[in-house]
Number of protein chains: 2
Amino acid sequence: MELAEAKLKFIEAWGKLGSEWGINRTMAQVHALLLVSPEALTTEEVMAELSISRGNANMTLRDLIDWGLVEKQHKTGERKEYFYAEKDTWIIARRVAEERKKRELDPVIKILGQLSEVKGDEKDPAFKAFNSSVKDISKLANNVNTTLETMLKAEENWFFGSIFKMFKK
Amino acid sequence: MELAEAKLKFIEAWGKLGSEWGINRTMAQVHALLLVSPEALTTEEVMAELSISRGNANMTLRDLIDWGLVEKQHKTGERKEYFYAEKDTWIIARRVAEERKKRELDPVIKILGQLSEVKGDEKDPAFKAFNSSVKDISKLANNVNTTLETMLKAEENWFFGSIFKMFKK
DNA sequence: TTAAACTTTCAAAAAAAAATGAAAGATAAT
DNA sequence: ATTATCTTTCATTTTTTTTTGAAAGTTTAA
């Protein structure tokens, strides 16, 4: 396999994984393209490499910037904007975890908290089942939350060095 | 808030969370409905509660069974099939982790492994960037994999008791 | 200012994903 | 063997998501 083919495979795999996890396929592909590019690329280059429209490229790049995965660069004497992807996997993982926590986990924890407060007839099986499921899920969500928060504070080496070693015990 | 309203909110929240994570909204909603039902429900009941078609209910319930989150029950003297959801959050979390690992992580790790093997000109920046990104992501994916494997073997109390305490250090 | 170079927006179109429901397929009781 | 009950399938429709591209907006320089 040569580089060009491998690149395509990588972009395709990253796009598929993204879409399976609720991330726009094109966004994941643009991210993959930038990840394997040593230099920052222009919108034109992204459009050409992935055969996507200008509007799509523009919006996708903006989203990637919002996620903290890509940054705009300016070259002296040039009007064009260049886009460069953060290459450090630890930082990528943290940024993704951070965003998804904020966008998805936090709201759901809030709702679960409210639902845990619902009062009802302790003798009613429907109420008991509701209450117990909601409380258990709420606990789990809070555990995940705490774990993520600690991870977001943690240092890379500490994390990679420890977490799965611990599990192996 | 009363139970009926709370139930709807829970189903809605669970459906939304699911769809954000690449899981069919209706499937997540059916799961939520069964989670808060003390008794097993029939296809008819699921259809009525969520206003969905027979075909949709049937396929969704089958998928939930494939995920190991729901089981068929038969009541003596009845032809109808009843569906009951596993209520233990630890088991739910494990089943979801197990399935997604198998369906999504394993395939991507395989591809990353192949792409790590690609040979090229060490002097070419494009090759260097490709190689280094792929190898780093490959490492990360393998770490996640190992962590998941250990988690899948682990016992509930051990897991919840330790993982986030460890992070707090 | 004017105009060229580049970026952003968004209504409309296209594509992808999900849902419908009628018909076919099972199964079990009569 | 027939019928009634219940389950599954899948071509079609509907809904949702994503993409397009032309027009509007912005910035810089002459």
Side-chain angles (χ1 to χ4, degrees), chain A residues 11-12 14-34 40-67 70-84 100 103-104, chain B residues 11-34 39-67 70-84 100 103-104:
Chain A
I11 290 169
E12 190 193 349
W14 207 235
K16 182 153 179 270
L17 188 65
S19 71
E20 287 165 340
W21 285 81
I23 285 157
N24 183 297
R25 173 184 263 96
T26 301
M27 179 170 151
Q29 288 181 338
V30 171
H31 185 223
L33 172 64
L34 292 177
L41 303 183
T42 62
T43 301
E44 301 284 339
E45 287 169 323
V46 171
M47 287 166 62
E49 290 269 352
L50 301 177
S51 308
I52 61 174
S53 71
R54 183 174 304 284
N56 198 2
N58 180 271
M59 286 181 137
T60 297
L61 286 165
R62 186 209 291 157
D63 283 347
L64 284 167
I65 290 170
D66 288 345
W67 278 72
V70 164
E71 60 172 33
K72 274 190 191 172
Q73 287 185 348
H74 291 277
K75 303 210 174 176
T76 43
E78 286 205 55
R79 290 274 307 267
K80 274 194 294 254
E81 293 176 332
Y82 286 77
F83 298 90
Y84 184 79
R100 299 205 77 155
R103 296 176 192 206
E104 295 147 21
Chain B
I11 290 170
E12 191 193 349
W14 207 235
K16 181 153 181 269
L17 188 65
S19 72
E20 287 165 341
W21 285 81
I23 283 157
N24 182 299
R25 173 184 263 98
T26 301
M27 179 169 150
Q29 288 181 337
V30 171
H31 186 223
L33 171 64
L34 292 177
E39 305 289 340
L41 302 182
T42 61
T43 302
E44 301 283 339
E45 287 169 323
V46 171
M47 289 166 61
E49 290 268 352
L50 301 177
S51 309
I52 61 175
S53 72
R54 183 173 304 284
N56 197 4
N58 180 269
M59 286 183 137
T60 296
L61 286 165
R62 186 210 290 158
D63 284 347
L64 284 167
I65 290 169
D66 287 346
W67 278 72
V70 164
E71 60 171 34
K72 274 189 191 173
Q73 287 184 348
H74 291 276
K75 304 210 173 177
T76 43
E78 286 205 55
R79 289 272 310 264
K80 274 195 295 254
E81 292 176 331
Y82 286 78
F83 299 91
Y84 184 79
R100 299 206 77 155
R103 296 177 192 207
E104 294 147 20

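Keep in mind that what you see is a predicted model, and the values were worked out from it rather than measured. We use all heavy atoms of the structure for the numbers below, so side chains are in, but hydrogens, waters and symmetry mates are not. In what follows, every chain begins at residue 1, and chains take the letters A, B, ... in the order their sequences are listed.
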For [X], which residues count as a side chain to side chain donor-acceptor pair (under 3.5 Å) partner, sequence neighbours excluded?
{"X": "Glu81(B)", "value": "Lys72(B)"}
{"X": "Ser53(A)", "value": "none"}
{"X": "Arg79(A)", "value": "none"}

Can you check the [X] [atom1] to [N] [atom2] distance for me, whole Å?
{"X": "Lys80(B)", "N": "dT8(D)", "atom1": "NZ", "atom2": "P", "value": "15 Å"}
{"X": "Asn24(A)", "N": "dA15(C)", "atom1": "CG", "atom2": "P", "value": "16 Å"}
{"X": "Asp63(B)", "N": "dT8(D)", "atom1": "CG", "atom2": "C1'", "value": "13 Å"}
{"X": "Asn56(B)", "N": "dA11(D)", "atom1": "CG", "atom2": "C1'", "value": "16 Å"}
{"X": "Leu61(B)", "N": "dC6(D)", "atom1": "CG", "atom2": "P", "value": "16 Å"}
{"X": "Tyr82(B)", "N": "dT5(D)", "atom1": "OH", "atom2": "C1'", "value": "13 Å"}
{"X": "Ile23(B)", "N": "dA18(C)", "atom1": "CD1", "atom2": "P", "value": "11 Å"}
{"X": "Lys75(A)", "N": "dT28(D)", "atom1": "NZ", "atom2": "P", "value": "19 Å"}

Provide a list of protein-nucleic acid N or O atom pairs under 3.5 angstrom, restricted to nucleotides 23-30 of chain C.
| from | atom 1 | to | atom 2 | distance (Å) |
| --- | --- | --- | --- | --- |
| dT27(C) | O2 | Arg79(B) | NH1 | 3.4 |
| dT27(C) | O2 | Arg79(B) | NH2 | 2.7 |

Sorted by first residue and then second, give each salt bridge (Lys or Arg N to Asp or Glu O under 4.0 Å) pair with at least one member in residues 23-32 of chain B; sequence neighbours left out. none
DNA chain C contacts made by residues 45-53 of chain B, counting heavy atoms under 4.0 Å: Ser51(B), Ile52(B), Ser53(B)
Which nucleotide sits closest to the side chain of Thr26(B): dT19(D), dT20(C), dA18(C)? dA18(C)
Kindly write out the residues that satisfy salt bridge (charged side-chain N to carboxylate O under 4.0 Å, His left out) with Glu44(A), not counting sequence neighbours, or none if the list is empty. Arg54(A)
Residues at least two apart in sequence or cross-chain that pass salt bridge (charged side-chain N to carboxylate O under 4.0 Å, His left out) with Arg103(B), listed by chain then number, are Glu99(B)
On the 0 to 90° scale, with breaks at 30° and 60°, tag the Trp21(A)-Trp21(B) ring pair as parallel, tilted or perpendicular. perpendicular
Heavy atoms of Phe83(B) and Thr43(B) approach each other most closely as CE1-OG1, 3.4 Å
Can you find a side chain N or O atom of Asn58(B) that sits less than 4.0 Å from OP1 or OP2 on dG21(C)? no
Return the set of residues passing side-chain contact (heavy atoms from CB on, under 4.5 Å) with Glu71(B) (not counting sequence neighbours), or none when no residue passes. Gln73(B), Tyr84(B)
Reading DNA chain C from 5' onward, which residue's closest nucleotide shows up sooner: Ser19(A) or Gly55(A)? Gly55(A)
